There are 2 protein chains.
Amino acid sequence: MAIETRAPNKITEPDNDISHLDISKLNITLTESPKALVAPKTLRFGTTFTDHMAVATYDPSTGWSDPEIKPFAPLTLDPASSCLQYCSSVFEGMKAYLGPDGKARLFRPELNMRRLEGSAARLALPPVDGNGTLELIKRLVQFEKRWIPTLQGYSLYLRPTIIGTRPALGVAASDIAMLYVIASPCGPYFPQGLRPVSVLAISDKVRAWPGGTGGHKVGGNYSPGFLPQQVATKQGYDQVLWLFGEDKRVTEVGGMNFFVVVTRDDGDGYDFITAPLDGTILPGVTRASLLALASDPVFNEAAGLNLHPVERAYTIHDLVQWSSQGKLAEALCIGTAAVVVAVNKIGYEGKVIEVPEHEAGLGPVGMALREKILAIQEGREEYEGWSVLCE
Amino acid sequence: MAIETRAPNKITEPDNDISHLDISKLNITLTESPKALVAPKTLRFGTTFTDHMAVATYDPSTGWSDPEIKPFAPLTLDPASSCLQYCSSVFEGMKAYLGPDGKARLFRPELNMRRLEGSAARLALPPVDGNGTLELIKRLVQFEKRWIPTLQGYSLYLRPTIIGTRPALGVAASDIAMLYVIASPCGPYFPQGLRPVSVLAISDKVRAWPGGTGGHKVGGNYSPGFLPQQVATKQGYDQVLWLFGEDKRVTEVGGMNFFVVVTRDDGDGYDFITAPLDGTILPGVTRASLLALASDPVFNEAAGLNLHPVERAYTIHDLVQWSSQGKLAEALCIGTAAVVVAVNKIGYEGKVIEVPEHEAGLGPVGMALREKILAIQEGREEYEGWSVLCE
């Protein structure tokens with residue numbers, strides 16, 4: 001059993017000045033008309049943005065520009081830009097939390113930076129300075145601290161994005177690019193909060209393929225899922241569960257990783273199962289963190305759990321069988337935006353695979369993991385240095 | 001043998017006013033500072049743009065806006081736009097030619113419009129009015145007619161693009177969008193003109209897969225090819241030849257369709273082979289047109305050819321065998337931008353599959369097809385109504 005707690009790409013120190021994002025040269029222009037804060041309970045995910053954004057641009061002759069923090073504003077892009085024509089576009093999802101000490105913090109941000117570097121490299125975008133980008137993000141969070149809601153389960157969602165801006169139609173890598181970071185205060189990803197979601201298993205459309213880009217956070221992975229999502233919605237399901245291959249392996253849910261909690265035959269607690277990082281699965285930070293927690297005896301004991309984390313290929317047929325045997329205890333959608341949300345129903349070829357429902361919305365495993373990870377993220381508990389101060 | 005001469009998606013008449021692009025309401029704002037024309041021989045593909053662009057926007061409550069022709073200018077886009085974050089972006093490649101009669105014409109533009117409608121539907125973009133969009137394109141061409149080079153093999157490349165502009169980070173279809181058309185005078189796609197190109201066969205990365213988007217012209221199909229293209233370039237090859245599956249089926253070259261000309265065992269001329277439209281192959285307009293020409297006895301007789309068009313799965317191993325048997329007469333990259341270009345060398349796993357070279361750059365099959373299609377495109381020959389006047 002291999003526990004992959006790291007994103008697959010290692011931060012490399014910029015090997016020359018040109019690929020260095022120099023935070024000491026940050027230019028700051030603050031807005032003259034700060035917006036009014038939005039009442040947290042009325043927030044809809046990803047629709048309200050803060051006063052400022054962070055920006056830097058890359059040119060092959062001069063490298064990364066001096067970074068800027070400036071008022072949130074539309075981008076001005078050539079209509080022939082690579083990102084619009086050929087989708088040379090990668091992003092990250094992160095959150096900033098306000099601790100009980102009143103300080104802003106990020107959750108394992110170095111994993112996001114490694115992944116961002118890897119995503120950009122996969123699309124042949126200019127080299128990303130993950131360390132410099134992280135410093136820039138921290139500075140943006142400091143300026144936007146008033147936007148972090150103090151309610152538990154609320155945070156400031158951060159969206160670092162890199163787009164290729166080469167203004168030419170020849171099919172070739174974009175050697176010029178723009179990095180920008182926008183920030184959006186948010187509460188629960190799903191409007192129903194902790195209530196479970198239903199998923200429709202789909203195999204006629206496929207999210208990712210070996211040799212494709214499913215293991216990276218590239219924008220082009222997402223829009224092909226919009227149509228299947230509409231199909232799921234029309235059939236009364238909240239999300240798509242992507243199957244893969246002849247054997248209908250279970251991969252991911254919409255834009256989130258997926259776990260199942262399965263009673264072990266030997267009576268020794270539960271297997272905590274998710275698909276392996278074979279290049280078709282996004283190496284999620286929440287995924288890595290839940291696997292690490294599930295393998296931690298101290299966490300298990302404190303939570304009264306006995307979890308055995310397993311990264312393995314499993315199929316929709318396994319889910320059918322585990323459900324019919326009464327062994328499918330919980331199913332979970334997990335990710336930065338959604339944190340941990342229960343699945344109560346899996347549709348497949350006109351039938352429904354039932355997953356036990358719990359009054360609290362989440363079952364004991366999902367609830368314990370969600371509470372633990374939120375406590376760490378919100379700075380209420382220290383754990384392995386996962387929560388990183390922005391100051 | 002199935003000859004697919006049509007793009008897979010049928011134009012449907014807009015079923016209500018909201019999805020109708022009303023060309024009678026076209027707003028025109030001409031530039032006050034027309035640019036100087038660029039000498040055709042100095043053009044590099046897709047880098048010079050004309051004075052104007054065509055634009056329309058879609059909103060779910062009001063449908064398509066009155067279309068506009070206005071000075072070419074940068075777009076103003078929210079940093080959270082769907083096209084930048086999730087790559088809801090589709091496009092077409094078309095060309096306008098100046099006939100001997102001095103009139104501007106397009107080549108089978110209805111096929112592009114059908115494909116554009118299908119691409120947008122695949123990404124759950126708003127409904128596209130192909131007929132209205134074509135009228136808009138024709139009007140743009142009329143205004144930009146001075147930009148069409150009169151040299152043979154030169155034309156005005158047109159890039160209709162539709163981008164999702166929903167400014168929200170929740171992963172969901174973009175119900176608002178922008179259609180724009182930009183135009184770029186161009187000569188040969190490859191700087192070396194008619195000289196053959198070399199291709200490196202690649203199977204560790206894949207362009208498209210069943211259930212994906214390879215059969216549609218969506219932007220996200222292209223940027224994942226930039227890295228393999230760089231690998232090919234480093235190894236001295238011009239383009240990537242995409243293989244697929246365990247059996248290494250030959251699919252496409254870079255962003256172009258691929259054909260091989262193979263001597264038949266029965267002595268009855270040549271098989272003219274390309275991969276079938278199984279959802280992983282772009283249904284190219286040039287592809288459909290070459291298949292139609294190759295099946296036309298009048299064309300074959302006039303050109304002194306005996307071609308048997310075949311859409312079938314074939315593998316890199318077939319290419320190796322045909323080459324070693326001396327049966328691989330020609331290999332061709334074809335597409336709107338490149339028209340017809342010969343391949344003289346196919347790299348595969350450190351070896352080279354040789355394709356006979358011809359002094360003229362193209363072999364007899366490629367040359368006859370290229371000359372015929374250019375004659376039709378440039379309005380020097382009438383054929384099946386393929387050349388469509390813009391007036």
Side-chain angles (χ1 to χ4, degrees), chain A residues 44-47 49 53 72-89 91 121-124 157 159 161 163-164 167-174 180 182 184 189 203-206 209-213 218-227 229-230 254-255 337, chain B residues 44-47 49 53 72-89 91 121-124 157 159 161 163-164 167-174 180 182 184 189 203-206 209-213 218-227 229-230 254-255 337:
Chain A
R44 281 191 312 131
F45 182 82
T47 57
F49 295 93
M53 62 196 293
F72 182 96
L75 307 180
T76 301
L77 293 172
D78 192 289
S81 292
S82 176
C83 57
L84 300 174
Q85 297 294 333
Y86 304 127
C87 297
S88 52
S89 153
F91 68 91
R122 178 63 183 87
L123 298 192
Y157 185 82
R159 177 57 66 95
T161 307
I163 55 175
L169 298 179
V171 176
S174 184
Y180 62 90
I182 52 177
S184 173
Y189 183 80
S203 61
D204 65 323
K205 297 280 188 294
V206 179
W209 197 271
T213 56
V218 311
N221 290 347
Y222 291 83
S223 52
F226 292 163
L227 192 65
Q229 173 63 43
Q230 290 183 336
Chain B
R44 280 192 312 131
F45 182 82
T47 57
F49 295 94
M53 61 197 293
F72 183 97
L75 307 179
T76 300
L77 293 172
D78 192 288
S81 292
S82 176
C83 57
L84 300 174
Q85 297 295 332
Y86 304 128
C87 298
S88 51
S89 154
F91 68 90
R122 179 62 184 87
L123 297 192
Y157 185 82
R159 178 55 67 95
T161 307
I163 56 175
L169 298 180
V171 177
S174 184
Y180 62 90
I182 52 178
S184 173
Y189 183 78
S203 60
D204 65 322
K205 300 278 189 295
V206 296
W209 51 86
T213 56
V218 312
N221 290 347
Y222 292 83
S223 53
F226 292 164
L227 192 63
Q229 172 64 43
Q230 290 182 337

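We name chains A, B, ... by the order of the sequence lines, and we start the count at 1 in each one. Keep in mind that this is a model prediction, so the values were computed, not measured.
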Q.
With heavy-atom distances below 4.5 Å as the criterion, would you say the side chains of B/Val171 and A/Phe45 are in contact?
A. no
Q. For the candidates A/Gly212, A/Ser81, A/Ala172, A/Ser184, which exhibits the highest count of non-hydrogen atom pairs separated by less than 4.5 Å from chain B?
A. A/Ala172
Q | Shortest non-hydrogen contact from B/Ala124 toward A/Leu227 | A | CB-N, 4.1 Å
**Q.** Residue, of A/Ser82, A/Gly255, A/Ser174, A/Ser88, that accumulates the most heavy atom pairs under 4.5 Å with chain B
**A.** A/Ser88
**Q.** A/Pro167 and B/Phe49, any side-chain heavy atoms less than 4.5 Å apart
**A.** no
Q) Relative to chain B, which of A/Lys205, A/Gln85, A/Gln230, A/Gln229 shows the most heavy atom pairs under 4.5 Å? A) A/Gln85
Q) So, does A/Ser89 use its side chain to make a donor-acceptor pair with the main chain of B/Leu84 at under 3.5 Å? A) yes
Q.
For chain B, which candidate among A/Ala73, A/Pro74, A/Ala173, A/Ser203 shows the most heavy-atom pairs at distances under 4.5 Å?
A. A/Ala173
Q. Parallel under 30°, tilted from 30 to 60°, perpendicular over 60°: which one fits the rings of B/Tyr222 and A/Tyr86?
A. tilted
Q: Using the test side-chain hydrogen bond (donor to acceptor under 3.5 Å, both in side chains), find all partners of A/Thr213 that sit at least two apart in sequence or belong to another chain.
A: A/Asn221
Q. At what distance, to the nearest 0.5 angstrom, does CG of B/Leu169 lie from OG1 of A/Thr47?
A. 8.5 Å
Q: Determine yes or no for a side-chain-to-main-chain donor-acceptor pair under 3.5 angstrom, with A/Ser223 supplying the side chain and B/Cys87 the backbone.
A: yes
